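Index from 1, following the sequence. This structure is a prediction, so every number in the text was calculated from the model and none was measured.
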Amino acid sequence: MANHDFGSPCDCRECRTTKFSVHCPSCEFETTVSYESGSNGISIDRKGIRDYDFIENTSKTHTLNCFKCGFEIKDVSYYEKVEDRINQTRLNERVCEECGIKEFNNNKLRKLQYKEINGKLTCLDCFKKKIQSEFPDPSTPDKRFILNLDKVNYELNEVRLLCEICGRKHWVKANEQWKKQCLSCYKKVKENDKEKGRVNDRLTGIMKKLKNVKS
């Protein structure tokens, strides 16, 4: 249940409103309807948590005309309002012609994107599978490509180069082929450079002390 009263039990209209969908046996559309629940006041559960005790209405005395085709559905649970905005959104939503996943009514918690391929409207997952089946991945043991769904082509992503120090192969981004050393050798070179810097600093300090002694 929604709770808007800064952590306290809430009985605002949104919290009291119960929404549910009614299946149409004619066109399979799900029409969303709602009603506002009554309340028996605040109740306290066994853990001492306070909440409003809303009254659920389960009587089936209503009929409903399907929002999409107008078919009359009988023995519908009690409702007070047809949710036009929700139904219109659902009516206009796109559906993948391959897997049937819907634009909004899905389990991905986000609005899906769709693309056309061979005259069919498909979700991005099916679109990617179609492209990969028609155009195989050109990756090799030393080159990795990724599929750009916007440009509908493969782009070089990573290459494997020989380390100029140890001779072992290492992966780098396609735009970072200037990295001629593997990570292990690079760290060793950096550490050696730091050590040389520390040695030079010590030698410089010694030379200054000797110079001061002579003067």
K.L.:
About how many Å separate CG of N175 and CD of E158, when rounded to the nearest 0.5 Å?
P.N.:
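The CD atom of E158 sits 10.5 Å away from the CG atom of N175.
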K.L.:
Test of understanding: with ring-ring contact (aromatic ring centres under 6.0 Å, His included), list the residues that count as partners of Y154, not counting sequence neighbours.
P.N.:
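ring-ring contact (aromatic ring centres under 6.0 Å, His included) list for Y154, sorted by chain: empty.
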K.L.:
Same hydrophobic cluster for V152 and L124, using side-chain heavy-atom links shorter than 4.5 Å among ILVMFWY?
P.N.:
yes
K.L.:
Among residues at least two apart in sequence or on other chains, which ones pass side-chain contact (heavy atoms from CB on, under 4.5 Å) with E116?
P.N.:
L121
K.L.:
Would W171 end up clustered with I165 when hydrophobic side chains under 4.5 Å apart are linked, directly or stepwise?
P.N.:
no
K.L.:
For K120, what residues pass the side-chain contact (heavy atoms from CB on, under 4.5 Å) criterion, not counting sequence neighbours?
P.N.:
E97, E98, T122
K.L.:
Could you walk me through whether E80 and T18 pass the side-chain contact (heavy atoms from CB on, under 4.5 Å) test, one step at a time?
P.N.:
CA-CA 10 Å; E80 297 170 350; T18 298; over 6 Å; no
K.L.:
Of the non-hydrogen atoms in C123 and C96, which two are nearest, and what is the gap between them?
P.N.:
N-SG, 3.3 Å
K.L.:
For D142, give me all partners under salt bridge (charged side-chain N to carboxylate O under 4.0 Å, His left out), at least two apart in sequence or on another chain.
P.N.:
R160, K169
K.L.:
Quick one: does K179's side chain get under 4.5 Å of L161's, heavy atoms only?
P.N.:
no
K.L.:
I want to check something: taking the side chain as every heavy atom from C-beta on, are P25 and F71 in contact at a cut-off of under 4.5 Å?
P.N.:
yes
K.L.:
Is any side-chain heavy atom of E30 closer than 4.5 Å to one of I86?
P.N.:
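They are not in side-chain contact.
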K.L.:
Where is the tightest heavy-atom contact between K19 and T32, given as atom of each residue plus distance?
P.N.:
CB-CG2, 4.4 Å
K.L.:
With the 4.5 Å side-chain cut-off for hydrophobic clustering, are F135 and I146 part of the same group?
P.N.:
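Shared cluster, no.
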K.L.:
Closest heavy-atom contact between K115 and D150?
P.N.:
NZ-OD1, 3.8 Å
K.L.:
Quick one: CD on Q132 to NZ on K129, what's the gap to the nearest 0.5 Å?
P.N.:
9.5 Å
K.L.:
Would you call C66 and S26 a side-chain contact if the rule is heavy atoms closer than 4.5 Å?
P.N.:
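A side-chain contact is absent here, since even the closest heavy-atom pair is not under 4.5 Å.
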K.L.:
Side chains of residues 180-191: which donor-acceptor partners sit under 3.5 Å, not counting sequence neighbours?
P.N.:
unit_1: K180; atom_1: NZ; unit_2: Q177; atom_2: O; d: 3.3
unit_1: Q181; atom_1: NE2; unit_2: E164; atom_2: OE2; d: 3.2
unit_1: E191; atom_1: OE2; unit_2: R198; atom_2: NH2; d: 3.4

K.L.:
Quick check for you: to the nearest 0.5 Å, what is the distance between S34 atom OG and E83 atom CD?
P.N.:
3.5 Å
K.L.:
Specify the closest pair of heavy atoms between Y35 and Y78, including all atoms of both residues, with the distance to one decimal.
P.N.:
CD2-O, 3.4 Å
K.L.:
Measure the CG-OG1 distance between D75 and T63 for me, rounded to the nearest 0.5 Å.
P.N.:
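D75 CG to T63 OG1: 9.5 Å, rounded to 0.5 Å.
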K.L.:
List for me each residue that meets side-chain contact (heavy atoms from CB on, under 4.5 Å) alongside V82, sequence neighbours excluded, and say none if there are none.
P.N.:
T31, V33, L64, F67, Y79, D84, N87
K.L.:
Output the distance between atom CD1 (I131) and atom CG (N153), rounded to the nearest 0.5 Å.
P.N.:
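These two atoms lie 10.0 Å from each other.
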K.L.:
Say you draw a straight line from CG of N157 to CG of N148; how long is it, rounded to the nearest 0.5 Å?
P.N.:
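Between atom CG of N157 and atom CG of N148 there are 11.0 Å.
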